[in-house]
Amino acid sequence: MPIHNNDISEILRKTADLLEIEGADEFRVRSYRQAANSVENITDNLAEKVKDGEDLTKISDVGESIADKIKEIVNTGSLQQLEEIKERVPEELSKLLNLEGIGPERTKELHEELGIETLDELKKAVENKEVRELEGMGKKVEDKISQELQRKRDQETRTLFARAEEYAEPLLDYFIECDAAQKIEIGGSYRRRKETIGDLDILITGSDVDAIMDYFTNFEDVQDVIKRGESRTSVHLRSDIRVDVAVIKDESYGAALLYFTGSKEHGIHLRDRALDMDLKVNEYGVFPEDEDESIAGETEEEMYEVLNLKWIPPEMREDRGEIEASEKGTLPNLITLDDLKGDIHMHTTHTDGDASIREMAKAAKEYGHDYIAITDHTKRVSVAGGLEADELAEELDEIEKADEKIDDIRILKGAEVDILKDGSLDLPDDILEKLDICICSVHYHTDLPEDEQTKRILKAMDNPNIDILGHPSGRLIQEREPMALDMEKIIDKAAENDIVLEINANPHRLDLDDRHCMMAKDKGVKMSISTDAHSVGELHNMKYGVYQARRGWLEADDIINTLSADELLKMLGRN
DNA sequence: GCCGTTTTCGGCCCGACTGTTTTCAGTCG
């Protein structure tokens with residue numbers, strides 16, 4: 001079984017969780033967590049590094065000891081140390097840490113005093129009112145646990161970005177009417193444009209804190225108030241999304257924005273850097289050692305500046321090397337929505353789309369595109385009414401006619417061809433040669449073993465007619481796992497054959513994901529950002545693809561649909 | 001367990017909020 005970086009980071013993280021519950025030294029626990037984060041963030045395949053005998057301690061936060069453990073995991077698939085800890089600390093206890101209000105100390109106490117090993121046992125203990133008898137706990141803690149168990153607050157409860165947006169925007173609109181509030185900004189993973197959001201962090205400047213907090217908790221969508229302090233208030237919305245509001249002073253706006261935007265790892269790295277410069281960074285500003293007067297804090301730019309750094313776009317703040325790049329002045333000039341000139345993956349009523357070629361073209365023109373490609377499904381995708389070769393030929397004629405008749409937007413002839421189980425394509429080459437753009441995608445047999453799945457797609461990528469590999473991993477966020485696939489091999493093949501990898505902008509897909517965007521860029525592979533729209537409205541999903549591309553450090557040059565239609569066709573070697 | 005313009009030991013990011021406490025521990029972001 002091939003070991004992925006994620007397998008390694010999961011084992012390290014689990015080890016940290018169980019060690020922490022056991023009462024191990026907190027800094028030792030932190031080391032395992034930091035190493036897990038590092039491993040998760042590097043784009044090279046660690047298993048191969050181990051095979052090649054490379055020095056793993058060059059990875060940040062990985063020392064001799066953890067390097068050995070990584071080698072053990074790669075070679076044996078497990079970690080003996082973790083297996084031994086599991087005998088002392090039941091594995092499921094780590095799930096208790098995911099409940100809000102429960103940390104390692106309380107988990108330990110619940111385990112030692114009440115013999116609790118599972119969530120079910122915790123539930124029973126709460127029902128029997130046993131938890132309130134423990135030292136340091138009481139009725140309120142017990143009630144909180146009861147609520148949390150009901151809410152099942154684990155990682156699964158993150159919210160798709162596009163859904164969070166639907167709740168965030170009305171709340172921002174609501175605050176516009178609040179006289180006490182001046183500046184309003186959403187921080188957190190929302191500002192970093194992560195594909196899923198844990199909660200909404202809202203920052204507000206203003207002097208009358210009580211008025212702002214009253215206004216906030218009176219929002220019609222607020223279900224319950226979790227906590228209310230002198231500067232911070234947290235609530236749940238009816239949609240179950242948690243919203244934290246912090247009220248801050250103008251002179252601390254930049255410091256607070258930086259702090260509340262995160263990521264946590266980015267913030268820790270910055271504060272660590274500050275300490276090296278005898279500075280203390282907190283959410284109020286930057287303070288020289290032993291002084292109360294801040295030397296920066298009003299804007300994010302000056303916060304970074306006093307640390308000798310250039311401002312870093314929020315999407316990059318994941319501690320994946322952006323601080324080093326900022327220091328060296330090598331931050332990328334991230335792509336923006338305005339850079340895109342066309343949308344080259346969409347469907348029409350010829351297959352499973354809701355709108356005609358003409359309707360899609362006019363809507364895209366209105367949206368601001370110079371060109372689009374119509375890329376309907378082909379025959380194997382029968383549920384979508386996929387086209388036979390002769391039907392596709394007819395559609396291509398129709399596209400040509402529409403292109404002549406509709407001014408100010410060019411309509412390219414495309415198709416989304418299905419990659420069959422054996423890696424061949426479902427239409428013959430002679431029709432594919434007539435296309436301007438040929439996207440090839442997997443729609444069936446998504447559960448093949450990794451070796452077979454990888455071989456299948458690599459074979460398709462050797463067909464000279466393929467221009468773009470559509471939604472490469474096949475994932476649907478929170479609904480369907482990515483296919484078992486050696487993505488590094490796919491990316492290497494794309495580099496070798498000059499094949500473009502798609503960043504599907506559908507907010508449920510975002511496929512390639514941010515890490516694979518980084519990996520593809522490193523290997524010189526070009527990408528496209530496309531909506532895969534099945535209706536006029538979905539043409540507006542383009543922004544989500546841009547967010548993901550920005551999280552993957554991509555620039556306009558990395559994306560082929562920033563080119564004009566002529567340049568694009570030339571690049572693809574078409575017409 | 002990691003790390004080093006403080007370099008092989010002695011540190012390790014920082015403050016708000018809650019609940020159970022009479023001064024603080026635990027948790028969170």
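Chain letters run A, B, ... following the sequence lines, proteins first and then strands; every chain starts at 1. The basis for the numbers below is simple: all heavy atoms, side chains too, and nothing from hydrogens, waters or symmetry mates.
- A close approach under 4.0 Å does occur between a side-chain nitrogen or oxygen of R28(A) and OP1 or OP2 of dG1(B).
- Between I529(A) and L554(A), every side-chain heavy-atom pair lies at or beyond the 4.5 Å cut-off.
- Looking at the side chain of I268(A), the nearest of the listed nucleotides dC13(B), dT18(B), dG1(B) is dC13(B).
- Rounding to whole angstrom units, CZ of residue R106(A) and C1' of dT21(B) are separated by 12 Å.
- At least one side-chain heavy atom of Y544(A) sits less than 4.5 Å from a side-chain heavy atom of E165(A).
- Minimum atom distance to the side chain of I66(A) is reached by dG1(B), of the listed dC13(B), dG1(B), dG29(B).
- For the C1' atoms, the distance from dC2(B) to dT8(B) is 12 Å, rounded to whole Å.
- The side chain of S65(A) lies closest to dG1(B), out of dC28(B), dT18(B), dG1(B).
- Atom CD in E148(A) sits roughly 13 Å away from atom P in dG19(B) (whole-Å rounding).
- Between K280(A) and dG15(B), a side-chain N or O to OP1/OP2 separation shorter than 4.0 Å is present.
- Among the nucleotides dG29(B), dT20(B), dC14(B), the one closest to any side-chain atom of D244(A) is dG29(B).
- If you check every strand for non-hydrogen atoms under 4.0 Å, V29(A) touches nothing.
- A straight line from CD of E265(A) to P of dG29(B) spans 13 Å, rounded to a whole angstrom.
- Look at the P atom in both dA16(B) and dC3(B): the space between them is 31 Å, to the nearest Å.
- The residue E230(A) sits close only to the backbone: its heavy atoms come under 4.0 Å of sugar-phosphate atoms, none of a base.
- In this structure, CZ of R33(A) is placed 13 Å from C1' of dC28(B), rounded to the nearest angstrom.
- K264(A) comes within 4.0 angstrom of a base, heavy atoms only.
- Contact annotation for T57(A): no contact, since no heavy-atom pair falls under 4.0 Å across all strands.
- In this structure, the nucleotide among dG19(B), dC28(B), dG1(B) sitting nearest to the side chain of E100(A) is dC28(B).
- Checked for salt-bridge contact, D244(A) and K227(A) miss the test: no charged N lies under 4.0 Å from a carboxylate O.
- The NE2 atom of H266(A) sits 16 Å away from the P atom of dC13(B) (whole-angstrom rounding).
- Between the C1' atoms of dC13(B) and dG19(B), the separation comes to 25 Å (whole Å).
- The environment of NZ in K183(A) is crowded: more than 12 heavy-atom neighbours from other residues, nucleotides or ligands sit within 6.0 Å.
- Both distances falling under 3.5 Å, in either a Watson-Crick or a G-U wobble arrangement, occur for no nucleotide opposite dT8(B).
- Under the 4.5 Å side-chain criterion, counting only non-hydrogen atoms from C-beta, H236(A) is in contact with R242(A).
- Here, dT22(B) and dG26(B) have their P atoms 14 Å apart, quoted to the whole Å.
- Here the C1' atom of nucleotide dC28(B) and the CZ atom of R228(A) are 20 Å apart, to the nearest Å.
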Worked check of side chain to side chain contact (heavy atoms under 4.5 Å, CB included) between R551(A) and E195(A): CA-CA 10 Å; R551(A) 289 180 53 79; E195(A) 61 206 28; 6.0 Å; no

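- Two residues are said to be in side-chain contact when any heavy atoms from C-beta on lie closer than 4.5 Å; M316(A) and P332(A) meet this criterion.
- For D511(A) (side chain) and N504(A) (main-chain N/O), no donor-acceptor pair under 3.5 Å exists by modelled atom type.
- Among the nucleotides dC14(B), dA16(B), dG19(B), the one closest to the side chain of S231(A) is dA16(B).
- Here the separation of dG10(B) from dT18(B), taken at their C1' atoms, is 33 Å to the nearest Å.
- Closest to the E283(A) side chain, of the nucleotides dC2(B), dA16(B), dC12(B), is dA16(B).
- Following rounding to the nearest Å, D276(A) (CG) and dT7(B) (P) show an atom-to-atom distance of 12 Å.
- DNA chain B is contacted by both E64(A) and R271(A); E64(A) maps to the nucleotide lying nearer its 5′ end (nearest heavy atom per residue).
- Comparing dC12(B), dC2(B), dG29(B) by their closest approach to the side chain of D61(A) singles out dC2(B).
- Taking side-chain N and O atoms only, Y284(A) has a distance below 4.0 Å to OP1 or OP2 of dA16(B).
- Residues K227(A) and D201(A) each lie close to DNA chain B; by heavy-atom proximity, the contact nearer the 5' end of the strand is made by K227(A).
- Going from the P atom of dT7(B) to that of dC12(B) covers 16 Å, rounded to whole Å.
- Residue I102(A) is classed as a sugar-phosphate contact, given heavy-atom separations below 4.0 Å to backbone atoms only.
- Out of dG19(B), dG29(B), dC17(B), the shortest distance to the side chain of V141(A) is found at dG19(B).
- Between dC17(B) and dT23(B), the distance separating the two P atoms is 23 Å to the nearest Å.
- Between the P atom of dG26(B) and the CD atom of E105(A) lies a distance of 5 Å, rounded to the nearest Å.
- Among the heavy atoms of the strands lying under 4.0 Å from K139(A) are primed sugar atoms or P, OP1, OP2 only; no base atom is included.
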